[in-house]
Amino acid sequence: HGLYVSPDPDIVTYALARVVDEDRGWGFRGESFRWLESIRRYGYEAWFQIGDQDLATHIHRTRMLGEGATLSEAMADIARGLGVDIGLLPMSDDRVRTIVETDAGIFAFQEYLVKRHAQDVVRAVRFDGAAAAKPAPGVIDAIVAADAILIAPSNPIASIGPILAVPGIRDAIAMSHGRRIAVSPIIDGKSLQPPAGEMMAGLGHTVDVLGVAAIYAEFIDTLVIDEADAGQAAAVAATGVRAVVVPTVMRDSEARALLGRRILDGVGRTTAQ
């Protein structure tokens, strides 16, 4: 609908603002969709679910960008508006689009994921614009200065892959002197949040913690794996990556907090920090 949507920066911001809908895993808690229901009447596609409060975020971002602001500036302003005082940076201020090549055709990532429900066999993934993109201001400095770099259990291909595709970011992580820890999104051979497993399989990676370790081996020190994969800890270690076995299924806020504390302990931070 002509709006500039940044799903990953938004979910991070909403989560830190404690307004996120934890049941859906995206958008605002208590969200309504009246505008979407209304625009459908006029023949517009409404498969991409943008709620009424979420719409305000995208309108604000699109207006700022149209007036000459950078994506970094828009992200910071959205965070301020939601009361988040933590420094948040997009990977780049340049436009990068994830394109998925499948047996059924070539699709933008959100079309593949949301509209087509990730049902198509993936053959290739590319990040249009990444080669010419530059890291957003402060990104490389933040990586270099970090005591620890944590890679969330997100899709290694579609969520982490675009970040690593921006020239300079992957190398900065690889050369970092801080602790570098990733949490595996694959548990007992499957992804709890599709389509990570499906995309890994389509690109020739094994859908297990060894496949995750192989993707990240060049620039992480430690891979956090679930207790269900404890039997593969030695095989992970053989790739040169230390394996830490802890419960990683975040069923509720208590489980999320426990995982967070375990990771903080692993990088030598106290849980109070």
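Quantities reported herein were computed from a predicted structural model and do not represent experimental measurements. All values below come from the heavy atoms of this structure, side chains included, with hydrogens, waters and symmetry mates left out.
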**OP:** Begin from the C-alpha positions of Phe107 and Lys115 and carry the test side chain to side chain contact (heavy atoms under 4.5 Å, CB included) through to its verdict.
**Re:** CA-CA 10 Å; Phe107 306 104; Lys115 185 177 183 179; over 6 Å; no
Original post:
Should Asp103 and Asp120 be marked as a side chain to side chain contact (heavy atoms under 4.5 Å, CB included) after you check the CA-CA gap, both sets of side-chain angles, and the distance that decides it?
Top reply: CA-CA 6 Å; Asp103 286 348; Asp120 306 306; 6.0 Å; no
**OP:** Show your working on side chain to side chain contact (heavy atoms under 4.5 Å, CB included) between Val100 and Leu113 and close with a plain yes or no.
**Re:** CA-CA 10 Å; Val100 183; Leu113 175 65; over 6 Å; no
**OP:** Kindly indicate, with the supporting measurements, whether the criterion side chain to side chain contact (heavy atoms under 4.5 Å, CB included) is fulfilled by Arg256 and Glu22.
**Re:** CA-CA 12 Å; Arg256 289 192 290 272; Glu22 294 186 356; 3.0 Å; yes
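Nearest heavy-atom pair, Ile140 versus Gly168, reported as atom, atom and distance to 0.1 Å: CD1-O, 3.5 Å. Here the shortest heavy-atom pairing between Pro162 and Thr98 reads CG-OG1, 3.6 Å. Across every non-hydrogen atom of Ile215 and Pro156, the tightest pair is CD1-CB, 4.0 Å. For the pair Ser191 and Ile186, the tightest heavy-atom approach, listed with the atom from each and the gap, is CB-CD1, 3.8 Å. Listed here is the closest heavy atom pair of Ile149 and Ser176: CD1-OG, 3.6 Å.
Using a 4.5 Å cut-off between side-chain heavy atoms of Ile, Leu, Val, Met, Phe, Trp and Tyr, Ile187 falls into a hydrophobic cluster with Leu192, Val249. With a 4.5 Å cut-off between side-chain heavy atoms of Ile, Leu, Val, Met, Phe, Trp and Tyr, the cluster of Met175 takes in none.
Under the 3.5 Å distance criterion, the side-chain polar atoms of Glu73 are matched with a main-chain donor or acceptor of Thr70. Side-chain atoms of Arg123 do not come within 3.5 Å of backbone N or O of Thr102 as any donor-acceptor pair. Remark: side-chain polar atoms of Gln49 are paired, donor with acceptor, to backbone N or O of Ala46 under 3.5 angstrom. A donor-acceptor pair under 3.5 Å is absent between the side-chain atoms of Asp226 and the main chain of Pro247, judged by distance alone. Formation of a donor-acceptor pair under 3.5 Å by the Thr62 side chain with backbone atoms of Ile59 is not found in this model. Side-chain N or O atoms of Ser92 include one that pairs as donor or acceptor with a backbone N or O of Lys134 at under 3.5 Å. Within the 3.5 Å criterion, the main-chain N or O of Asp52 finds a donor-acceptor partner in the side chain of Glu31. Formation of a donor-acceptor pair under 3.5 Å by the Arg97 side chain with backbone atoms of Gly129 is not found in this model.
Cation-pi geometry between Arg180 and Tyr216 is not satisfied (NZ or CZ under 6.0 Å from the ring centre, within 45° of the ring normal).
Considering CG of Asp93 and OG of Ser72, their distance stands at 3.5 Å, rounded to 0.5 Å. In this structure, CD1 in Ile99 is found 13.5 Å from OH in Tyr112, a value given to the nearest 0.5 Å. Note that the NE2 atom of His117 and the CH2 atom of Trp47 stand 10.0 Å from one another [nearest 0.5 Å].
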Could you list the donor-acceptor pairs under 3.5 angstrom formed by side chains in residues 202-210, with sequence neighbours left out?
from   : atom 1 : to     : atom 2 : distance (Å)
Thr206 : OG1    : Asp208 : OD1    : 2.8
Thr206 : OG1    : Gly211 : N      : 3.3
Asp208 : OD1    : Leu210 : N      : 3.1
Asp208 : OD1    : Gly211 : N      : 2.8

Side-chain donor-acceptor distances from residues 5-16 under 3.5 Å, at least two apart:
from  : atom 1 : to    : atom 2 : distance (Å)
Asp10 : OD1    : Arg61 : NH2    : 2.3
Asp10 : OD2    : Arg61 : NH2    : 2.9
Thr13 : OG1    : Pro9  : O      : 2.8
Tyr14 : OH     : Asp54 : OD1    : 2.6
Tyr14 : OH     : Thr57 : OG1    : 2.8

Atom pairs and distances, side-chain donor-acceptor, residues 33-42, under 3.5 Å, sequence neighbours left out:
from  : atom 1 : to    : atom 2 : distance (Å)
Trp35 : NE1    : Ile50 : O      : 2.7
Ser38 : OG     : Arg34 : O      : 2.9

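In terms of hydrophobic clustering, with Ile, Leu, Val, Met, Phe, Trp and Tyr side chains grouped at heavy-atom distances under 4.5 Å, Val212 and Val244 are assigned to different clusters. Ile151 and Ile263 fall into different hydrophobic clusters, defined by Ile, Leu, Val, Met, Phe, Trp and Tyr side-chain heavy atoms under 4.5 Å apart, directly or through other members. Residues Met75 and Leu65 do not share a hydrophobic cluster, defined by chaining ILVMFWY side chains whose heavy atoms lie under 4.5 Å apart.
A salt bridge does not link Arg262 to Asp265: none of the charged side-chain nitrogens sits closer than 4.0 Å to a carboxylate oxygen.
Under a cut-off of 6.0 angstrom, the local environment of CD in Glu227 is crowded, with over 12 non-hydrogen atoms contributed by other residues, nucleotides or ligands.
Within the structure, side-chain hydrogen bond (donor to acceptor under 3.5 Å, both in side chains) pairs that include any residue of residues 150-169 do not occur (at least two apart or interchain).
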